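This report concerns only the one structure given below.
Just so we're clear, the structure is a prediction, and the values are computed from it rather than from any experiment. In the text below, chain A, chain B and the rest are named by the order of the sequence lines, each starting its count at 1.
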Protein chains: 2
Amino acid sequence: MASASVKDVAALAQVSVGTVSNVLNRPEIVSAETVERVHQAMEKLSYVRNEAARQLRLGHSQAIGLITLSGANPFFTDVATAAENAAADAGYSVIVGNSNERQDREAGYLNLFEELRVRGVLLSPVGDAADRLRRMRDRGIPAVLVDRVSSDSTFSSVSVDDVAGGAMAAEHLIETGRTRLAFVGGPVAIQQVADRLAGARSVVARHPGVTLEFVDTAAPDVLEGRKAGQAIADRAPEDRPDAVFAANDLLAIGLLQTLFSDGKLAVPEEIALIGYDDIQFAGASVVPLTSIRQPSHLIGETAVQILLEEAENPGLEPRRVLYQPELVVRASTARR
Amino acid sequence: MASASVKDVAALAQVSVGTVSNVLNRPEIVSAETVERVHQAMEKLSYVRNEAARQLRLGHSQAIGLITLSGANPFFTDVATAAENAAADAGYSVIVGNSNERQDREAGYLNLFEELRVRGVLLSPVGDAADRLRRMRDRGIPAVLVDRVSSDSTFSSVSVDDVAGGAMAAEHLIETGRTRLAFVGGPVAIQQVADRLAGARSVVARHPGVTLEFVDTAAPDVLEGRKAGQAIADRAPEDRPDAVFAANDLLAIGLLQTLFSDGKLAVPEEIALIGYDDIQFAGASVVPLTSIRQPSHLIGETAVQILLEEAENPGLEPRRVLYQPELVVRASTARR
DNA sequence: CTGAAAGCGCTAACAA
DNA sequence: TTGTTAGCGCTTTCAG
């Protein structure tokens with residue numbers, strides 16, 4: 001048994017295909033009696049509308065695409081969940097792709113989404129995707145940047161002030177008495193990483209006697225955090241920082257695993273540690289982690305809202321929404 | 001500027017649309033010279049193939065649907081990532097939906113996937129979806145169950161022996177000297193939860209003097225774990241279990257947050273704790289967590305492979321792949 | 001090797 | 001209120 005089409009339903013209900021289409025899309029213009037008859041026919045045939053055909057006719061799909069930097073990062077899964085809910089309310093579904101910080105993956109998903117004629121794209125770009133996004137917009141597929149502001153301000157964006165967040169983290173570390181800070185994160189090509197570092201640097205510059213060291217990582221994940229932790233633990237005590245600011249919680253948790261879990265160094269006594277994102281696991285780590293919270297839920301929701309407005313109203317002025325992060329203090333940065 | 005179609009490309013390259021389609025799908029039958037000309041035309045128009053039209057013609061899409069129980073559980077995101085990679089190798093993409101243990105959500109995604117005419121569905125069912133899946137299969141959309149065996153063995157499945165895993169956990173707890181065990185997890189309507197509990201019970205039954213208490217939770221997540229931890233901590237000492245087996249790591253981490261982090265109880269001295277899944281964060285929790293590891297990567301990979309075989313070869317005998325879990329010992333269950 | 005043409009299932013305009 | 005029909009972009013015979 002193959003799938004039933006409008007034609008089959010029409011035949012069974014003794015109406016035309018146009019009428020079937022109408023009960024599907026504008027039931028109010030069809031007589032109650034006919035609606036009923038058609039519904040029964042659909043039921044009997046267990047009719048399921050063919051999205052491809054609908055979309056071909058409409059010119060675009062009822063889906064929006066979302067590309068995040070990392071599927072393993074709870075921050076992004078939170079954003080995605082919020083986006084899904086907001087989209088569902090508006091009758092759209094969300095297709096998620098993870099670039100894992102790779103430009104080629106990002107390009108691949110952008111391609112797929114364009115083939116799918118999605119209604120719009122939500123993107124946390126790896127590098128500078130402006131050219132590609134402009135081309136898509138010219139074809140009627142708008143984009144809004146997520147967790148990142150547009151380099152040339154021609155696209156809407158929903159993000160959190162990473163420079164402020166970075167400053168907040170550094171300030172907190174200094175306030176609790178630390179002077180030899182290290183920023184662990186990378187690659188700096190990721191704008192979020194660069195901004196957080198910049199924020200921290202600006203604060204350190206205002207505090208004579210306080211230093212900030214930069215420890216690069218190949219990716220902002222748990223594994224790289226472990227490596228960085230190992231490297232720091234292997235140093236001579238007088239050569240070690242007394243506080244570490246990790247570019248995100250994944251890195252911080254990795255740091256905790258090698259640096260501190262093995263009992264090599266006491267946290268926060270010997271080294272304080274602060275992360276970023278305040279993911280669900282931050283409060284349950286070896287030492288509960290101080291972190292900078294981002295309103296992940298709000299980000300996803302707002303991004304969808306703006307995107308849909310632009311999709312229905314091309315030529316709208318780009319908007320930039322900038323949320324403020326929030327410091328969440330836990331044991332990992334307790335005063336000495 | 002709207003999107004260019006095969007017709008535009010054909011016109012520019014001075015060939016027919018049929019030829020354009022051929023260079024897209026069977027370039028080997030087209031002369032090299034023509035291929036070149038068509039490619040140049042595509043380039044100039046930045047042609048992007050319309051998936052909807054292709055799919056309408058083909059009768060099905062180049063995507064497979066995946067419905068997981070929880071988007072917040074790293075175990076499922078691992079399965080999803082593996083599935084995406086395996087699918088990509090075969091020229092398919094994966095659309096992911098999270099039911100969050102809700103039947104209505106699951107039904108919604110099943111509907112969406114059928115409208116999308118996905119090539120097949122990968123599903124961790126909330127309840128018993130057999131009827132619905134059978135109907136989809138009749139229409140040419142096969143399904144394979146993930147992390148769960150089919151109740152009536154008419155569907156292929158890729159899962160891990162949860163009964164064995166539950167037994168493994170209980171045995172380990174007993175071996176390390178605990179006698180008053182508690183199983184924290186729920187709802188038992190989730191098969192995985194029920195199986196792990198059953199495995200633990202069978203082991204306990206073989207050990208006189210050992211008891212197993214069941215502590216129900218509304219969902220297997222961090223929040224519910226916290227609540228359960230609170231409840232246990234509030235009991236009189238002689239009334240408390242000396243070991244807790246959490247149905248998954250999310251619950252275990254939640255337990256850790258209220259039960260142990262607050263310094264109320266020492267782990268593993270006063271209470272031992274074992275989780276399930278061995279997610280990335282298990283090794284970095286307040287007390288590094290002993291857990292039962294599942295081969296999440298293999299699960300996703302194998303499921304895709306079986307699904308695609310069935311899609312291309314309807315009427316194949318259902319297969320059941322059952323992997324064995326593995327005990328990973330960490331500090332949370334150290335011998336007293 | 002290439003071209004012409006049918007038709008996948010649907011929606012929206014227009015006619016009745 | 002309902003029916004008829006064109007056409008969305010693509011693939012695939014079938015002729016040439």
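Using a 4.0 Å cut-off, some side-chain N or O of B:Thr34 falls inside it from OP1 or OP2 of C:dT2. Remark: A:Ser31 is not in phosphate contact with D:dT1, judged by side-chain N or O atoms under 4.0 Å from OP1 or OP2. In this model, the phosphate group of D:dG3 is approached by a side-chain N or O of A:Ser16 to a distance below 4.0 Å at OP1 or OP2. Proximity of A:Ser21 to the phosphate of C:dT11: a side-chain N or O atom is located under 4.0 Å from OP1 or OP2.
Protein atom CG of A:Leu24 is 9 Å distant from nucleotide atom C1' of C:dC10, rounded to whole Å. For the pair A:Asp8 CG and C:dG9 P, the computed distance is 8 Å after rounding to whole Å. Put simply, CG on B:Asn22 is 15 Å from P on D:dC14, counting in whole angstrom units. Distance B:Leu116 CG to C:dC10 P: 14 Å, rounded to the nearest Å.
Each of B:Arg26 and B:Asn50 was matched to the nucleotide of DNA chain D holding its nearest heavy atom; the match closer to the 5' end belongs to B:Asn50.
B:Val20 comes within contact range of no nucleotide atom at all, as no heavy-atom separation falls under 4.0 Å. Across all strands shown, B:Arg57 has heavy atoms under 4.0 Å from base atoms, whether or not it also approaches the sugar-phosphate.
Of the candidates A:Ser124, A:Pro220, A:Pro187, A:Pro220 is the only one forming a side chain to side chain contact (heavy atoms under 4.5 Å, CB included) with A:Glu101.
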